[in-house]
Amino acid sequence: MSDTQTVVLVEGASDKSAIEALAERRGRNLAAEGISLVAMGGATNIAAYIRRFGPSGHNLRLAGLCDVGEEGDYRKALERAGLGADLNRSDLEALGFFVCVADLEDELIRALGTDTVERVVDAEGELSSFRTLQKQPAWREGATHDQLRRFMGAGSGRKIRYSGLLVGALDLDRVPRPLDMLLAHL
């Protein structure tokens, strides 16, 4: 991290994978630009990472991506680090922190549409597993969108693997807003 000027804090490896995939598709080499992506192992770790990399630590430029459910944790940690007071969503974005509606998988499924996501799942040889999930009593009556979100989170390593694949399937003019804005900010 000695050449790092900017640290992008994300909740987990699937978010990191999606950002890497989008940067690659857009012809960007984040490491060469002095940008490091850090998967924190959960949003509750945000304060520790801001202390480590922010004004009271390495004093690097910070940015990030989070789920709407963790927006408050991010806001409080940024405020405690002296990066603003009474921050709202616009303030977070001005600081380089972008919020996903529900989560990144939700954003990607909405951007692609369920038919395209099912084609990606099929190409990975997992359509029969997805169909099995759809038949389960708890999911049988659910919307395909919700079933796909559950499917992505249900298998070991599936969220990580599919995040890059779903970004790869996107039309570059349909990139989810938080992901698009984060990359533009960097």
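Being a predicted model, the structure only gives us computed values, none of them experimental.
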| Could you give the distance from CD (Glu20) to CD (Glu24), rounded to the nearest 0.5 Å? | 9.0 Å
| message | As a quick check of understanding, evaluate side chain to side chain donor-acceptor pair (under 3.5 Å) for Thr116 and Arg119, giving each step before the final call. | response | CA-CA 5 Å; Thr116 300; Arg119 283 193 293 276; 3.0 Å; yes
| task | Considering non-hydrogen atoms only, spot the tightest contact between Gly64 and Val8 and give its length. | result | CA-CG1, 4.2 Å
| said: Rounded at 0.5 Å granularity, tell me how far OG in Ser17 sits from NZ in Lys159. | reply: 12.0 Å
| Arg131 and Leu127, any side-chain heavy atoms less than 4.5 Å apart | yes
| message | Let me confirm one number: the CD-CG distance from Gln5 to Asn59, rounded to the nearest 0.5 Å. | response | 12.5 Å
| task | Consider only side-chain heavy atoms of I, L, V, M, F, W and Y, link residues closer than 4.5 Å, and tell whether Leu92 and Val101 are in one cluster. | result | no
| field | Check against side chain to side chain contact (heavy atoms under 4.5 Å, CB included), Val38 and Arg52 | value | CA-CA 12 Å; Val38 177; Arg52 179 176 174 189; over 6 Å; no
| field | Any donor-acceptor N/O pair, Arg28 side chain to Leu186 backbone, under 3.5 Å | value | yes
| request: Find the distance between CZ (Phe151) and CD1 (Ile109) and round it off to the nearest 0.5 Å. | output: 10.5 Å
| Sub-3.5 Å donor-acceptor pair from the side chain of Asn88 to the main-chain atoms of Ser90, do we have one? | yes
| task | Apply side chain to side chain contact (heavy atoms under 4.5 Å, CB included) to the pair Val121 and Met152, showing each step before the final yes or no. | result | CA-CA 10 Å; Val121 170; Met152 298 293 163; 4.0 Å; yes
| field | Thr144 vs Gln134, side chain to side chain contact (heavy atoms under 4.5 Å, CB included): CA-CA, chis, key distance, verdict | value | CA-CA 8 Å; Thr144 304; Gln134 287 182 303; 4.3 Å; yes
| request: Over all heavy atoms of both residues, which pair between Ala39 and Gly12 is shortest? Give the atoms and the distance, please. | output: CB-C, 3.6 Å
| Which distance, rounded to the nearest 0.5 Å, do you find between the CG of Asp91 and the CG of Leu83? | 11.5 Å
| Is the backbone of Gly96 close enough, under 3.5 Å, to the side chain of Arg61 for a donor and an acceptor to pair up by distance? | no
| note | When every non-hydrogen atom of Ala43 is compared with those of Glu70, the smallest separation belongs to CB-CG, 2.9 Å
| Nearest heavy-atom pair of Ser163 and Ser14: which atoms, and what distance? | OG-O, 2.9 Å
| Of the non-hydrogen atoms in Leu65 and Tyr74, which two are nearest, and what is the gap between them? | O-OH, 3.3 Å
| Does Ser128 offer a backbone N or O that forms a donor-acceptor pair with the side chain of Thr132 under 3.5 Å? | yes
| With side chains defined as the heavy atoms from C-beta onward, is the minimum distance between Thr114 and Leu148 less than 4.5 Å? | yes
| task | Answer whether the closest heavy-atom distance between the side chains of Ile160 and Lys16 falls below 4.5 Å. | result | no
| What are the two closest non-hydrogen atoms of Glu107 and Pro178, and how far apart are they? | OE2-CG, 3.5 Å
| message | Less than 4.0 angstrom from a charged side-chain N to a carboxylate O is my criterion; do Arg158 and Glu124 meet it? | response | no
| request: Evaluate side chain to side chain contact (heavy atoms under 4.5 Å, CB included) for Leu62 paired with Phe97, printing each intermediate quantity in order. | output: CA-CA 8 Å; Leu62 300 173; Phe97 288 84; 3.9 Å; yes
| said: So Asp106 and Cys100, do their side chains get closer than 4.5 Å, heavy atoms only? | reply: no
| message | Donor-acceptor pair, distance only, cut-off 3.5 Å: does the side chain of Asn45 make one with the backbone of Met40? | response | yes
| Checking side chain to side chain donor-acceptor pair (under 3.5 Å) for the pair Arg150/Gln147: CA distance, chi angles, key distance, verdict? | CA-CA 5 Å; Arg150 173 65 179 135; Gln147 294 167 341; over 6 Å; no
| said: Does Asp103 form a salt bridge (charged side-chain N to carboxylate O under 4.0 Å, His left out) with Arg149? I'd like the steps, not just the answer. | reply: CA-CA 9 Å; Asp103 55 30; Arg149 278 188 66 218; 2.8 Å; yes
| message | Is there a side-chain contact between Leu95 and Arg75 in this structure, where contact means two heavy atoms from C-beta onward sitting under 4.5 Å apart? | response | no
| task | Determine whether Thr4 and His58 make a side-chain contact, defined as any pair of heavy atoms from C-beta on separated by less than 4.5 Å. | result | no
| Hey, are the side chains of Val7 and Tyr49 touching, using non-hydrogen atoms and a 4.5 Å cut-off? | no
| remark: The reported gap from CG in Leu108 to OH in Tyr162 (rounded to nearest 0.5 angstrom) is 13.5 Å
| field | Note, Leu183 side chain near Val175 side chain (heavy atom, < 4.5 Å) | value | no
